[in-house]
Each structure stands twice: as structure tokens, then as C-alpha cells.
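Sequence lines set the chain letters: A, B, ... in the order given, protein chains first and strands last, and positions in each chain run from 1.
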2 protein chains.
Amino acid sequence: MNNIELTDREKSILRHVIRQFIVTANPVGSRNISKRYNIGLSPASIRNIMADLEDLGLLGHPHTSAGRVPTDRGYRFYVDSLMEPAKLNKKELDYITANLEPDTYETENLLKITSAILSTITNQLACITYPKFDNALLNKIQLVRLSSQRIMVVLTIQSGLVKTITLEINAEIEDDKLMGVEQLLNERLAGLNFQEIRKTFSERIKDGFNTEYKPVMRVFIDSMDKIFDDIKINEKTVISGAKNIIKHPEFGDHEHFQSVIELIEDKDVIVHIMEKNKDISSKDVSIIIGGESEDEKFSDYSLITKEYNIGDINGKLGVIGPKRMEYGKIIAAVVYIAELLTIELKNQKL
Amino acid sequence: MNNIELTDREKSILRHVIRQFIVTANPVGSRNISKRYNIGLSPASIRNIMADLEDLGLLGHPHTSAGRVPTDRGYRFYVDSLMEPAKLNKKELDYITANLEPDTYETENLLKITSAILSTITNQLACITYPKFDNALLNKIQLVRLSSQRIMVVLTIQSGLVKTITLEINAEIEDDKLMGVEQLLNERLAGLNFQEIRKTFSERIKDGFNTEYKPVMRVFIDSMDKIFDDIKINEKTVISGAKNIIKHPEFGDHEHFQSVIELIEDKDVIVHIMEKNKDISSKDVSIIIGGESEDEKFSDYSLITKEYNIGDINGKLGVIGPKRMEYGKIIAAVVYIAELLTIELKNQKL
DNA sequence: AATTAGCACTCTATAAGATGCAGTGCTAAC
DNA sequence: GTTAGCACTGCATCTTATAGAGTGCTAATT
């Protein structure tokens, strides 16, 4: 995909420009580089190289007499070939351990806390999706009678997470019938994943349909989507840290400010971008830079995400910020927290 | 509390100033009023009256040669004595009916949708708290075995709402003991409210403590807070509509922008203010204007809230915006939606 | 006695210059 | 291939000028 060949000197200049721009947020000039790093080249030579890099589409100009600014392609090259990996420092690690205690919270709250931590450490927006139940393996179904006409369906999945759904039934159901249905459902569905159950539910239980259980089964058929459908991710996705991200100089004007608000309130854009590149080997960190997202609204941002796992199910967490972000550091943070979450949640008897 | 006596003429001028300021967001001058409303007074006379109103603390000046601006006291007088009640128009009513269908959602989602609607109609921030379980009357407790060492406690309250908590037990519990405990708990606790249960739990079940149920009972004692404690309101409170509120001219600069973000991300300020005036007859609309909140961070905002009820429990919903808001209209919206929610939720067999 | 016209004054917002600066691109010299 | 030199460009910032909206006070008017 990225078959650009650069000389060592070009790489060095490109790296300096991007590094410098990430730190200062100002277009980087030739003189600046020549002086700051004693690179053994005059500003004029650096200008020539910069011009070449611009021809290659790696750098750009805001206007004639401004310094150079990385393009999306420039960032991409930097991330793929130039950047050296970073590590979290002691202070950051301490902050995480001090604040993240997965076993003390219920899942939803854990997500909020994790997101807040990730955001604080990176000084960007953080987001985290609720784990997807699509691949969840059903351990068992239990039916609890709430009142004469309402039952609660309790689904336990292999990882130990529990999902409950309340069903309305327009008829009195005797206790023994309820237990019969419970047993039937368990026999037919236990061990399967939700996706599979959705596809083959009617088929699997159709013989139970012509028995005394019919009225209850009907309710289950009707509510199947509600019970086994995946959760609506963007309702459960947490995005936090607006107060961090708006301090960056790119959000000085009203327009960009508004764009942050939109990003946070309509989670669809972010969730969609996070979901999109699912075909990319899902264990790795995914990095999406500006226009690569193919979403106009996201063209000023970058997104770094990674999967985390809770037994049989998984979600994603990530960081969103202006393209001018410290990729190395943020990747380290995302990876660290995703892995921490995965390990801790595995140890936890959910 | 507000024993200011004004002449009709003063009232009229004050009303005009506030009305005008609410619409235009610019300090209102004497000439402006004299021309716009043919009030039969020259600018000079109006200036005299304005000066009087300023002495009374109802109006203020941003600087010497600017027009007048309402003070908190001015708004308060307006809201209490000057404003005439407004009604929602057909378009707004239609919008609400088209979007709010309480019986199709689970509670948490319903809150989100309600908040979004309220925000759209008023063009301000909307917020809504999860109903407080403090006064909830316990209907019954059910214990569901999730695995050998985990049980789910299902609490059904009178209104039909259900709360579930998962407990970890460090010992194998036989089925019959579980059922015995369930029965015991129901006998002792059903019909009481959560607050009462919290206070008297150990007392009420202490005789069950020296029986074969001891190990299970111990877990209940230890987890009592988790089970019967009130939900942490600010975790469940929904605030939405930032994209509406930031369009108002008062949020032109960075500082005010940041203040909105803080308000949304740290819900504590809002939740605290909403909770504070609970002693005021809780059925009525509550209006808090700027400094009346006694919170520095809230001094530029007003808050209009009302209670809504789901059977035995209740929450609050409200609108937050700059003090320069259309009080009449927003009160109408808050009242209407709170009542709609209450009625609809009553009809709903939860 | 209340109202109004007139006027000097104040503060702000906006536009228009003026100036400096950072940086480029090109050419010619090294 | 590299660098010095130079003309040029666009932006940011500061200053200054100007217009406008509004006040407060005083004196005239009703």
C-alpha cells in the first residue's frame, strides 16, 4: 500500500518536521530544523528536500510563506516507518493502577472509568464500546416470573456476563409450563453463540411449538430479536475527555469546537469508523488517520483502537484526537489498557 | 422574599428590557425601547426609569455606555411577577408525540430519548435523572442461581420496575437453602421501602442468622448497601443537547465553551443543584437563576426542573441554559414532558 | 411636577494601515 | 551536490481612526 522509497536524509527531515509539528502545532520551517537539530545541512538544502517531500504528497503548505505541515500520507508514513515505539512512564503506569480496579465495578461503570483514565493519560478523547454479544456463547437461560404476566429472561454467557430481558406475556402461564419451556430452551440452545441462535432459533424449537408450550413459545419467537440481538453498540459506547481535547490549539475556533461536540453527542460517526475496519487482523492496534476514515467529519482526527476481551466476547477501546497526536505514546497507552482490561477481566470471576 | 413594589410603568419597562434581551442577547437601550414599542414615553424618561430599576438591583450595565441587562434579581422578578405563561405550539406537541413512545423502550433508554426531545424543543441542554429507589416499595425478592457460587438478586418494586444485583458467594449453597433464604427475605422485607430496609435490615433478619442459612445471610448483610442502596444518581443522569446550547451567542468564546463541557462531563454540579432544592414543594416546577444556585460554576445558567413519577418512585427532569432563556416556553415544555412521562409510565405495565 | 430635548461624554466594535516576521523559491556562487 | 543571497509572500499583531450606540445630566417644555 505504501511503497514510497525515501533516502535516509529525506526520512530524517520528514521525521523532524512531523515530530516538531506534533509538539508545537505550528508549521515547521527549514531554518527551524536546521538550527534545532544540528543536522549538518543548511536551510536551503532542507528546503529542497522539503519540496521533494511535498511532491511526494507527504508534506503540505497552509500558504506560500508558511512552514511545512504533514499530510495524511505523511502521518501514515511516519506511523508505519519512522516512529519508534514509546512506553508509558512510571507516573502514567501508577495512575492507571491507582484508578483502574476492574473487579470492583459492574461492567458499564468499568467502561466509564477506563475511558476516563485513557483520556486523562493521553489528553485526548477516549472511547470504549460495550462488548459485543454476537459471539457470546450461551451458557444457560433462566426464566424468572416477575408477575402473573411478566417474566424475566436471564441469559448467562460463558464468560460469566449476564444479560436480562423482560418479556410481557398476554396470558397466564403456569409455573410448570414455564419450567418446561426453560428446559426446552436450554436443551436446544445452550452452547451456541447468539449469532447462530438468531439464525436458527425457529428451526431449533419448532417441534416444541405444537405442544402445550405454544403460547409461551410464541412470545419467545416474537421477542427473539430483543433477546438475542446484539446490543446497540452506540447506545452503550462511552466517549469521554472532551475537557482534555478542547485544550489543544486546533480547537481554538468555534467551528472545530462544534465538531467535537458533534463527535461526542452523535456517537455514530466514531462507532461506525471503529466498526468499519473489523477485517483488519482484529488483535492488532488499528490506526486511522484523518481522511483514511472516508468520513468528512473525521478528516481532522485520528483514531487509535484495540480490541479487549472478556472471555468469549470482546469490545474495542480507543483514543481520538487531532491528527497531530503523539502516536507512539498513545499506541502504548491503548495497548496497555486493552491488555490490562483483558487480563483483569479474565481473572475476575464474573 | 421578593417584596419589591414597582409601578405599572416600571414593570412595563422591565418587562420590555428583559423580553428584548432574551431575544437579541444585546444590552437594551432606552431609544430602542421607545421606538420598538410605542409606549408613549421618550428615551429620556425611559432612561430615568431604567436608572431606578438599576438602583433596585433589577437591571445592570456591562459598562457605562451600554444598554441595560437584567440581573439575577431582575430575572427572578420577571419569572415571578411579569412573565405570562406560554404554551407549546402544535409543531412542538407533534414533535413530542412523534418521538416519545415510552412503552417501547427500557427505562434507561427512555431517559436518553426524553432528554434529547426536551433539548431539541427548547434548544438548550436537557437533563433527566434516573428515578430514585429510596422510596421504592419492595414487592418481592427473587434469588436466581447463576452458577455454583454466584446468585442474582432480583428486586421487583411496586411500580413494576426491576433491579438486579449479582452476588458472589464463597461457598456452595444448596438449592433448598437458597429458597429458604428467599422466603425469609420476602417475609421480612416485602412491602417496605428501600430506605427503611437499609436502616432495619440486620434487625429484621437477625433471628434467621443463627440458622442453617447463616452463610447466605452473611453475604446479604455484607452486600446490603449494594442491594438496597440508592443508585448513584449522577452515574445514571443523562445530559444532552450540547450541540443546541453552544449555538447561543453567549458561548462565543473559549471560556464559556469550556464551561459547557465541564457541565456535561462532570454531572456533579448539575445533579447537586437539582437535588438541593428538594424541600421546595416537590410537585411544582423549580426555577433556579444563576447565582441562586450558590455555585460559582452555575452563575451564568438557569435551571428549570420538575419531578416525574413512575408509581412509587420518582426522578427529575429539567432544562439548563443561559439565564437569557425563554422561561415561559421552557417551563411549558418541562411541565408537559414531565407529566406526559408520568402518565404514560403509569399506563404502562412495567 | 413630570416629561423631554439637547449635549457632552464614554465605551465598544470595526476597519484600515503599518510593521515585522517567518518562511519560501529561485538563482548564482562555492 | 550544497549553500548563500535576495526578492517576494502571506500572516499576525499593533496602532490609529472612525462611527455608533447609549448614558447621564441640565435646562427647557408641557
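Per the geometry, CG belonging to Leu59(B) stands 11 Å off P belonging to dG24(D), to the nearest Å. If you take CG of Leu53(B) and P of dG24(D), they are 12 Å apart, rounded to a whole angstrom. For Asp52(B) and dT23(D), the CG to C1' distance is 15 Å, given to the nearest whole Å. One interatomic measurement links the two molecules: NZ of Lys35(B) to P of dG20(D), which rounds to 13 Å at whole-angstrom precision. Protein atom CZ of Arg31(B) is 8 Å distant from nucleotide atom P of dA21(D), rounded to whole Å. Straight-line distance from the CZ atom of Arg36(A) to the C1' atom of dA22(C): 13 Å, rounded to whole Å. Counting to the nearest Å, the P atom of dA21(D) and the CD1 atom of Ile33(B) are 16 Å from each other. When the C1' atom of dT2(D) is taken as reference, atom CE of Met50(A) falls 17 Å away, rounded to whole Å.
Of the residues near DNA chain C, His63(B) and Leu41(B), the one whose nearest nucleotide (by heavy atom distance) lies more toward the 5' end is Leu41(B). In this structure, Gly67(B) and Asn48(B) both approach DNA chain D, and ranking their closest nucleotides by distance from the 5' end singles out Gly67(B).
Here Ala66(B) lies in heavy-atom contact (under 4.0 Å) with sugar-phosphate atoms only. Within the nucleic acid shown, Thr64(A) comes within 4.0 Å of sugar-phosphate atoms alone, with no base atom in reach, counting heavy atoms only.
At distances below 3.5 Å, at least one donor-acceptor pair connects side-chain atoms of Glu92(A) with backbone N or O atoms of Asn89(A). Under the 3.5 Å distance criterion, the side-chain polar atoms of Ser81(B) are left unmatched by any main-chain donor or acceptor of Tyr78(B). Side chain of Thr122(B) to main chain of Leu118(B): a donor-acceptor pair is present (N/O by atom type, distance under 3.5 Å, no hydrogens or angles).
Side-chain atoms of Ser42(A) lie closest to dA4(D) of the nucleotides dA4(D), dT3(C), dT23(D). In the set dT3(D), dT24(C), dG22(D), the nucleotide with an atom closest to the side chain of Asn32(B) is dG22(D). Of the candidates dT23(D), dT3(D), dT24(C), dT24(C) carries the atom nearest the Ser30(A) side chain, counting heavy atoms from C-beta on.
The base of dG25(C) is paired with the side chain of Arg47(A) by a donor and an acceptor separated by under 3.5 Å. Residue Arg68(A) places no side-chain atom within donor-acceptor reach of the base of dG25(C), judged by atom type and a 3.5 Å distance cut-off alone. In terms of polar N and O atoms assigned as donor or acceptor, the side chain of Ser65(A) comes within less than 3.5 Å of the base of dT9(D) in a complementary pairing.
Ring centroids of Phe257(B) and His254(A) are separated by less than 6.0 Å, placing the two rings close together.
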Practice task
Please test Tyr301(B) against Ile270(B) for side-chain contact (heavy atoms from CB on, under 4.5 Å), starting from the C-alpha separation and ending with a verdict.
Solution key: CA-CA 10 Å; Tyr301(B) 300 89; Ile270(B) 290 176; over 6 Å; no
